[in-house]
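Down below is the structure, laid out as structure tokens.
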Amino acid sequence: MPHTSEVMLHVNGTPHRLTLDNRTTVLDALREHLRLTGPKKGCDHGQCGACTVLLDGRRANSCLSLAVAHSGARITTVEGLPRGTDGLHPLQQAFLDRDGFQCGYCTPGQICSALGVIAEAAGGHPSHVTTADGPSPGEPVPLTADEIRERMSGNICRCAAYPHIVEAIEDVAGAAVTS
């Protein structure tokens, strides 16, 4: 087949060798070829965040990423998050505790994006709202509600659970700082 390539994707810790049409997105590879339904196809234009996954540790809109361009990449979906003793990742538990979802369609993308947000801030990456008198370059950026809202602005929740999503992320980010 002239328009296909063999691609190796390490998804949730498991290697997968796939032969894919060169136009296949990471999202379609995950959903259609690996049957992982956590990442959702929302807008298919990178505007809603429902398809957010961690791609080599960084959050990415999987609907905009071609699988052939990421051969060898390590991809984490909501299905592959490390679980605590209760069977849930702490962020999943915080979303439940804070009622950070309603219909749940955007929740997998919200959770993957939130994990990326926490890692970015811990790594000292400033956002648009990080103040000039904030931490020195490379030092962790405190995740205030404004920081969280700015960093999560690419993830849309049609049910408007935003205040609860921010609270859930604050809970986990605060726990990460104190532990």
Side-chain angles (χ1 to χ4, degrees), residues 9 11-12 25-32 34 36-67 69-70 73-84 88-130 134 140-177:
L9 299 175
V11 181
N12 299 330
T25 63
V26 170
L27 177 62
D28 288 336
L30 294 170
R31 291 185 62 82
E32 304 302 324
L34 299 178
L36 294 170
T37 58
K40 302 294 189 255
K41 188 172 280 214
C43 67
D44 218 15
H45 295 285
Q47 296 175 343
C48 72
C51 67
T52 305
V53 298
L54 298 174
L55 186 59
D56 288 330
R58 297 193 54 132
R59 58 194 171 131
N61 290 329
S62 61
C63 74
L64 295 180
S65 304
L66 293 176
H70 295 287
R74 300 201 177 284
I75 300 168
T76 304
T77 68
V78 72
E79 293 96 339
L81 298 181
R83 311 286 185 203
L88 295 175
H89 183 277
L91 201 48
Q92 290 172 309
Q93 187 61 56
F95 266 65
L96 285 172
D97 293 345
R98 292 294 191 160
D99 197 23
F101 63 93
Q102 289 181 23
C103 79
Y105 192 81
C106 71
T107 305
Q110 295 276 0
I111 288 172
C112 285
S113 190
L115 288 169
V117 162
I118 292 168
E120 290 164 12
H125 301 284
S127 78
H128 180 69
V129 299
T130 305
V141 176
L143 277 177
T144 63
D146 285 342
E147 279 284 345
I148 293 169
R149 280 192 289 275
E150 170 64 23
R151 292 171 188 263
M152 292 293 293
S153 65
N155 289 79
I156 296 172
C157 173
R158 289 193 256 184
C159 300
Y162 297 117
H164 304 293
I165 291 169
V166 170
E167 291 169 352
I169 297 168
E170 284 177 318
D171 289 351
V172 173
V177 169

Between [atom1] on residue [X] and [atom2] on residue [Y], distance to nearest 0.5 Å:
| X | Y | atom1 | atom2 | value |
| --- | --- | --- | --- | --- |
| Ile169 | Arg98 | CD1 | CZ | 12.0 Å |
| Leu30 | Asn12 | CG | CG | 8.0 Å |
| Leu96 | His164 | CG | NE2 | 13.5 Å |
| Glu170 | Ile148 | CD | CD1 | 4.5 Å |
| Leu55 | Leu9 | CG | CG | 9.0 Å |
| Leu91 | Ile165 | CG | CD1 | 10.0 Å |

- Message: Quick check on side chain to side chain donor-acceptor pair (under 3.5 Å): which of Glu147, Glu150, Glu120 does Ser127 satisfy it with?
- Response: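 Answer after filtering Glu147, Glu150, Glu120: Glu147.
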- Task: I would like to know whether Leu36 and Arg31 meet side-chain contact (heavy atoms from CB on, under 4.5 Å); could you show each step before the answer?
- Result: CA-CA 5 Å; Leu36 294 170; Arg31 291 185 62 82; over 6 Å; no
What closest approach, in Å, do [X] and [Y] show between heavy atoms, and which atom pair accounts for it?
| X | Y | answer |
| --- | --- | --- |
| Glu79 | Pro39 | OE1-CD, 3.9 Å |
| Cys112 | Thr52 | CB-O, 3.5 Å |
| Ala67 | Ala29 | CB-CB, 4.3 Å |
| Gln93 | Leu88 | OE1-CD1, 3.2 Å |
| Ser62 | Thr25 | O-CB, 3.7 Å |
| Cys51 | Cys63 | SG-N, 3.4 Å |

- Query: What pairs meet the side chain to side chain donor-acceptor pair (under 3.5 Å) rule with one or both residues in residues 99-118, with sequence neighbours excluded?
  - Reply: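 Counting only pairs at least two positions apart or across chains, the side chain to side chain donor-acceptor pair (under 3.5 Å) contacts touching residues 99-118 are Arg59-Ser113, Ser113-Asn155.
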- Item | Arg158, CZ: over 12 other non-hydrogen atoms inside 6.0 angstrom |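 Incorrect, the count does not exceed 12.
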- Message: For a 4.5 angstrom cut-off between non-hydrogen side-chain atoms, does Cys159 reach Phe101?
- Response: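 Cys159 vs Phe101: side chains apart.
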- Worked check of side-chain contact (heavy atoms from CB on, under 4.5 Å) between Leu81 and Thr76: CA-CA 7 Å; Leu81 298 181; Thr76 304; 3.9 Å; yes
- For side-chain contact (heavy atoms from CB on, under 4.5 Å), just list the numbers for Asp97 and Asp171, CA-CA rounded to whole Å, side-chain angles, deciding distance to a tenth of an Å, and then say yes or no. CA-CA 10 Å; Asp97 293 345; Asp171 289 351; 5.6 Å; no
- Query: So, Gln47 side chain and Gly42 main chain: donor-acceptor pair closer than 3.5 Å or not?
  - Reply: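 Looks like no, no N/O pair under 3.5 Å.
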- Arg149: what forms a salt bridge (Lys or Arg N to Asp or Glu O under 4.0 Å) with it, not counting sequence neighbours?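 Once residues adjacent in sequence are excluded, the partners of Arg149 under the salt bridge (Lys or Arg N to Asp or Glu O under 4.0 Å) criterion are Asp146.
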- Item | Arg151/Thr130 under side-chain contact (heavy atoms from CB on, under 4.5 Å): CA gap, chis, key distance, verdict | CA-CA 10 Å; Arg151 292 171 188 263; Thr130 305; 3.9 Å; yes
